[in-house]
Amino acid sequence: MPELPEVEITRRHLATALDGHTLTGVQVRHDRTARYNASPAEVESRLSLRRIENLGRHGKFLVADLDDGQVMVAHLGMSGRFTISNPGDEILLHTHFVAAFDDDQQVRFIDPRTFGFVAVFDDREESPLSRLGPDAWSDPPSAGELSARLRGRTAPIKALLLDQGPIAGLGNIYADEILHRSRIHPLTPGGRVRGEKAAVLLEATRDVLAMAIANGGTTLDDLAYLLPDGRAGENLSSLSVYGREDLPCPSCGTPIRRVLVRARSTHFCPSCQKSPRGVVTVSL
DNA sequence: CCTCCATCCTGTGGGC
DNA sequence: TGCCCACAGGATGGAG
């Protein structure tokens, strides 16, 4: 599942191919890949002949500034992957977007489950970027700022990390990893994460993301995420809890448990991450 | 405002 | 062996 580290790796790969280059032809090959009330034809025409000035990232969204002030926003969803290809390369199954550039290279978007998209907006305010909190990696909030964003929230901290509002970029894998490293129980009400706890959470966020990015991201057994050059990320063996139900906690040896939080699989160590007072954990 | 749920989708794998 | 179905989850819109 692409999360911040996987999107950041993708951004770095694509930036060299995109930055400063002009889109000579754009094909949106699947209706659902254009989103936000725009048709494939509209996305194609809005992107046509535009030059990409800079490819950035906010949370899990790729953000390209275009020469006319428009913003191209792409999301990998659950199964999306960008490739850099040559015009003659075979079009793989589930290729939903093809952008041709002035140097004859192509950037293609392959997305079997179509949760991902490529969209164009007049500015960031009218795009989904406007809902996002500060980026967990490039622009992390201070402990005070994170505490303020969590103040009064009763939802489980796990759910709030996935929300993208308090902090942007974390998904199910890294949220679990960060909470484990922070020794915070996933069902802890968000509002109780403040002060030193918030500082520890942010430190863990930095460490977990740094490791994941250095390892080229996490490729699970199902190979849902591959680097743009087709290689697998190597962060899987660095995970402490995600996907490790019943296996020993790397810190203390206690078997990792899995519960559902908001219908999402949540992995934690019951001894390192003590249940907060008044919170009952129900087994699956 | 908040919390929580259903919805979108396809490949995979477990169960029978 | 082969079929069926539950499961995986990011973002969003709506109910309460």
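So you know, we letter chains A, B, ... as the sequences are listed, proteins then strands, and number each from 1.
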Listed pairs, N/O of protein and of nucleotides 13-16 of chain C, under 3.5 Å:
{"residue": "C:dG13", "atom": "OP2", "partner": "A:R131", "partner atom": "NH2", "Å": "3.1"}

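- Rounding to whole angstrom units, CG of residue A:L92 and P of B:dG11 are separated by 13 Å.
- Rounded to the nearest 0.5 Å, atoms CG (A:L66) and CD1 (A:I52) are 6.0 Å apart.
- Separating the CG atom of A:L4 from the P atom of C:dA11 is a distance of 11 Å, rounded to the nearest angstrom.
- Taking A:R108 as the reference, A:Q106 meet the side-chain hydrogen bond (donor to acceptor under 3.5 Å, both in side chains) condition, with sequence neighbours excluded.
- Side chains of A:V7 and A:L4 form no contact here, defined as non-hydrogen atoms less than 4.5 Å apart.
- Looking at residues two or more places apart in sequence or on another chain, you find no side-chain hydrogen bond (donor to acceptor under 3.5 Å, both in side chains) involving A:H94.
- Within residues 135-153 of chain A, the residues approached by DNA chain B to less than 4.0 Å at the level of any non-hydrogen atom are A:R153, in residue-number order.
- Taking atom CG of residue A:L76 and atom C1' of nucleotide C:dA11, one finds them 13 Å apart after rounding to whole Å.
- Evaluation of the salt bridge (charged side-chain N to carboxylate O under 4.0 Å, His left out) test over residues 133-143 of chain A, restricted to residues two or more places apart or in two chains, returns A:R57-A:D135.
- Atom pair A:E3:CD and C:dA8:P shows a separation of 15 Å (rounding to whole Å applied).
- Counting all heavy atoms, side chain and backbone alike, A:E3 lies closest to A:G171 at OE1-N, 2.7 Å.
- Side-chain contact check for A:Y174 and A:T218: at least one donor-acceptor pair (N or O, by modelled atom type) lies under 3.5 Å.
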Exercise. Report the C-alpha distance between A:H96 and A:D111 in whole Å, list the side-chain angles of each, state the deciding distance to 0.1 Å, and finish with yes or no for side chain to side chain donor-acceptor pair (under 3.5 Å).
Key: CA-CA 7 Å; A:H96 300 322; A:D111 184 20; 5.7 Å; no
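- A continuous path of hydrophobic side-chain contacts links A:V28 to A:L47 [ILVMFWY only; heavy atoms under 4.5 Å].
- Scanning for side-chain hydrogen bond (donor to acceptor under 3.5 Å, both in side chains) contacts around A:R124 gives A:D65, with sequence neighbours left out.
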Short N/O separations, protein against nucleotides 5-9 of chain B, under 3.5 angstrom:
{"residue": "B:dC9", "atom": "O2", "partner": "A:R113", "partner atom": "NE", "Å": "3.3"}

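- Here C:dA11 presents its C1' atom at 9 Å from CZ of A:R35, a figure rounded to the nearest Å.
- For the pair A:K60/A:H75, a side-chain contact is recorded, criterion being any heavy-atom separation below 4.5 Å from C-beta on.
- The stretch residues 158-170 of chain A does not touch DNA chain B, since none of its heavy atoms comes less than 4.0 Å from the strand.
- Between A:I157 and A:P189 there is no side-chain heavy-atom pair separated by less than 4.5 Å.
- For the helix from B:dC2-C:dG16 to B:dC16-C:dG2, the end axes, each set by the C1' atoms of five terminal pairs, are bent relative to each other by 60° (nearest 10°).
- Contact between the side-chain N/O atoms of A:H75 and the OP1/OP2 oxygens of C:dA11 is found at a separation under 4.0 Å.
- Among residues two or more places apart in sequence or in another chain, the salt bridge (Lys or Arg N to Asp or Glu O under 4.0 Å) test is passed with A:R149 by A:E145.
- Atom-to-atom, NZ of A:K60 to P of C:dA11 comes out at 4 Å; the value is rounded to the nearest Å.
- Salt-bridge formation is not detected for the pair A:R181/A:E177: no Lys NZ or Arg NE/NH1/NH2 atom is positioned less than 4.0 Å from an Asp or Glu carboxylate oxygen.
- Between A:H58 and A:S138 the shortest side-chain heavy-atom distance does not fall below 4.5 Å.
- Counting only heavy atoms from C-beta outward, the side chains of A:M72 and A:V63 never approach each other to under 4.5 Å.
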Please list, pair by pair, any protein nitrogen or oxygen found under 3.5 Å from a nitrogen or oxygen in nucleotides 3-7 of chain C.
none

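- Checked against side-chain hydrogen bond (donor to acceptor under 3.5 Å, both in side chains), A:T266 has the following partners two or more places apart in sequence or in another chain: A:K158.
- Across all strands, A:Y242 comes closer than 4.0 Å only to sugar-phosphate atoms, never to a base (heavy-atom distances).
- A:R32 forms a cation-pi arrangement with A:F115, by the criterion of a distance under 6.0 Å to the ring centre and an angle within 45° of the ring axis.
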